[in-house]
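Atoms considered below: every heavy atom in the structure, side chains included; atoms not considered: hydrogens, waters and symmetry mates.
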Amino acid sequence: MFDYKIDDETYLRLLEPRDARQFFDLISSNMSHIGEWMFWLRDDYSPEDAERHIKASLDRFAAGNGLEAGIWFKGALAGDIRLSYIDWAHRSTEIGYWLGASFQGRGLMTGACRAMIDYAFKELKLNRVEIRCTEENQRSRRIPERLMFKQEGVIRQARWRKDHFVDHILYGMLASEWLQEKT
């Protein structure tokens with residue numbers, strides 16, 4: 001299993017079936033906040049959807065094709081971070097994340113991303129990590145910028161959001177760059 005301590009109050013842990021209710025409650029109470037950016041989130045998202053989501057993430061983890069962890073702060077589920085897939089042939093992945101509104105502004109997501117990037121490069125021996133953010137999502141974009149990712153381009157009309165397509169900003173980090181920063 002995956003369990004990663006960030007500091008005395010914060011850790012990452014694989015989401016498990018027992019977390020489905022907390023996961024659903026966090027999403028439900030932040031629907032307008034995260035629904036703006038999370039394309040998979042529908043207005044009728046249900047506790048059963050949360051259970052299916054967690055089961056699918058555990059199946060991907062067991063197959064070696066991703067990792068999804070809850071971000072736990074002072075014992076409460078604060079958000080979610082994931083390696084959306086793992087491309088073993090090319091040793092690359094993409095990180096996705098979201099955080100409940102009341103947990104923002106504490107550095108939790110920067111810490112969670114730093115931990116997940118360390119894991120990807122040091123434990124999984126991957127070569128490349130990408131983060132893609134909707135162009136308008138300035139809070140999300142600040143994470144890779146703060147972590148010194150390189151902005152590599154714009155993926156035009158990458159996703160459908162409610163009534164229009166939105167562009168994604170593509171950020172990339174290579175293992176050699178990340179590990180060099182650590183020495």
Side-chain angles (χ1 to χ4, degrees), residues 1-88 92-124 126 129-134 137 139-144 146-147 159 161-162:
M1 293 305 252
F2 176 82
D3 197 342
Y4 199 108
K5 182 179 177 180
I6 295 173
D7 59 37
D8 289 340
E9 298 179 318
T10 315
Y11 63 95
L12 306 178
R13 177 177 56 76
L14 278 182
L15 289 169
E16 301 173 22
R18 66 184 166 120
D19 302 318
R21 178 41 100 175
Q22 273 186 284
F23 187 75
F24 171 76
D25 289 346
L26 184 62
I27 288 170
S28 182
S29 64
N30 285 276
M31 189 68 79
S32 62
H33 169 66
I34 61 175
E36 178 73 14
W37 313 111
M38 300 293 113
F39 301 100
W40 51 267
L41 190 55
R42 302 176 326 270
D43 291 336
D44 63 346
Y45 194 82
S46 69
E48 294 77 25
D49 290 323
E51 290 171 12
R52 281 189 291 275
H53 180 98
I54 290 171
K55 180 176 182 336
S57 74
L58 288 171
D59 289 346
R60 279 191 307 278
F61 180 72
N65 189 29
L67 183 158
E68 187 160 358
I71 302 167
W72 302 87
F73 178 67
K74 296 183 178 180
L77 182 60
D80 179 89
I81 187 165
R82 69 196 160 286
L83 300 180
S84 299
Y85 62 86
I86 300 174
D87 181 340
W88 291 106
S92 65
T93 191
E94 179 183 341
I95 293 180
Y97 47 81
W98 60 268
L99 197 61
S102 66
F103 295 99
Q104 290 186 337
R106 303 168 194 241
L108 295 177
M109 192 53 74
T110 301
C113 282
R114 188 176 286 117
M116 193 64 85
I117 296 161
D118 272 346
Y119 181 78
F121 289 142
K122 293 176 181 176
E123 302 299 322
L124 299 179
L126 299 180
V129 172
E130 293 180 357
I131 296 177
R132 298 176 186 203
C133 304
T134 303
N137 190 344
R139 287 190 96 116
S140 188
R141 290 179 61 186
R142 281 197 288 272
I143 302 297
R146 190 175 297 126
L147 293 171
R159 299 273 191 225
R161 185 172 76 198
K162 299 182 183 176

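Legend: residues meeting side-chain hydrogen bond (donor to acceptor under 3.5 Å, both in side chains) with Arg13, ordered by chain and number and at least two apart, are Glu16, Asp19. The ring-ring contact (aromatic ring centres under 6.0 Å, His included) test applied to Tyr119 returns Phe2, not counting sequence neighbours. Here Arg132 pairs with Glu94, Glu130, Ile155, His168, Leu170 under the side-chain contact (heavy atoms from CB on, under 4.5 Å) rule; sequence neighbours left out.
Closest of all the heavy-atom pairs between Cys113 and Ile95 is SG-CG2, 4.4 Å. When every heavy atom of Val129 is checked against every heavy atom of Ala120, the shortest pair comes out as CG2-CB, 3.9 Å. For the residue pair Cys133 and Arg141, the shortest heavy atom distance occurs at CB-CG, 3.5 Å. Across Leu126 and Ser92, no two heavy atoms sit closer than the pair CD2-N, 4.1 Å. The two residues Glu51 and Ala20 make their nearest non-hydrogen contact at CG-CB, 3.6 Å. Trp88 approaches Gly64 most closely through the heavy-atom pair NE1-O, 2.6 Å.
A donor-acceptor pair under 3.5 Å is formed between the side chain of Ser57 and the backbone N or O of Ile54. Looking only at distances, a side-chain donor or acceptor of Thr93 sits under 3.5 Å from a matching main-chain atom of Tyr85. Counting only distance, with no hydrogens or angles, the side chain of Tyr97 and the backbone of Ser140 share a donor-acceptor pair below 3.5 Å. Counting only distance, with no hydrogens or angles, the side chain of Ser29 and the backbone of Asp25 share a donor-acceptor pair below 3.5 Å.
In this structure, CZ on Arg60 lies 10.0 Å from CG on Leu67, to the nearest 0.5 angstrom. Residue Leu58 holds its CG atom at 7.5 Å from CG of Leu15, rounded to the nearest 0.5 Å. Note: Leu147 CG to Ile131 CD1 = 6.5 Å, rounded to the nearest 0.5 Å. Here the OH atom belonging to Tyr4 is positioned 14.0 Å from the CG atom belonging to Leu14, to the nearest 0.5 angstrom. Distance check, rounded to the nearest 0.5 Å: CE of Met116 to CD of Glu123 gives 12.5 Å. Note that CE of Met109 and CH2 of Trp98 are 8.5 Å apart. Values are rounded to the nearest 0.5 Å.
Residues Asp118 and Arg114 are not paired through a salt bridge, judged by the lack of any N-O separation under 4.0 Å between the basic side chain and the carboxylate.
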List the steps and the verdict of side-chain contact (heavy atoms from CB on, under 4.5 Å) for Phe103 and Leu26. CA-CA 11 Å; Phe103 295 99; Leu26 184 62; 4.2 Å; yes

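In the model, Ser46 has a side-chain atom that pairs as donor or acceptor with a side-chain atom of Asp49 under 3.5 Å.
Leu12 has its side chain within reach of Ile71: a pair of non-hydrogen atoms, C-beta onward, lies under 4.5 Å apart. Annotation: side chain of Pro47 is in contact with side chain of Arg21 (closest heavy-atom distance under 4.5 Å). Between Leu77 and Trp72, some side-chain heavy-atom pair lies under the 4.5 Å cut-off.
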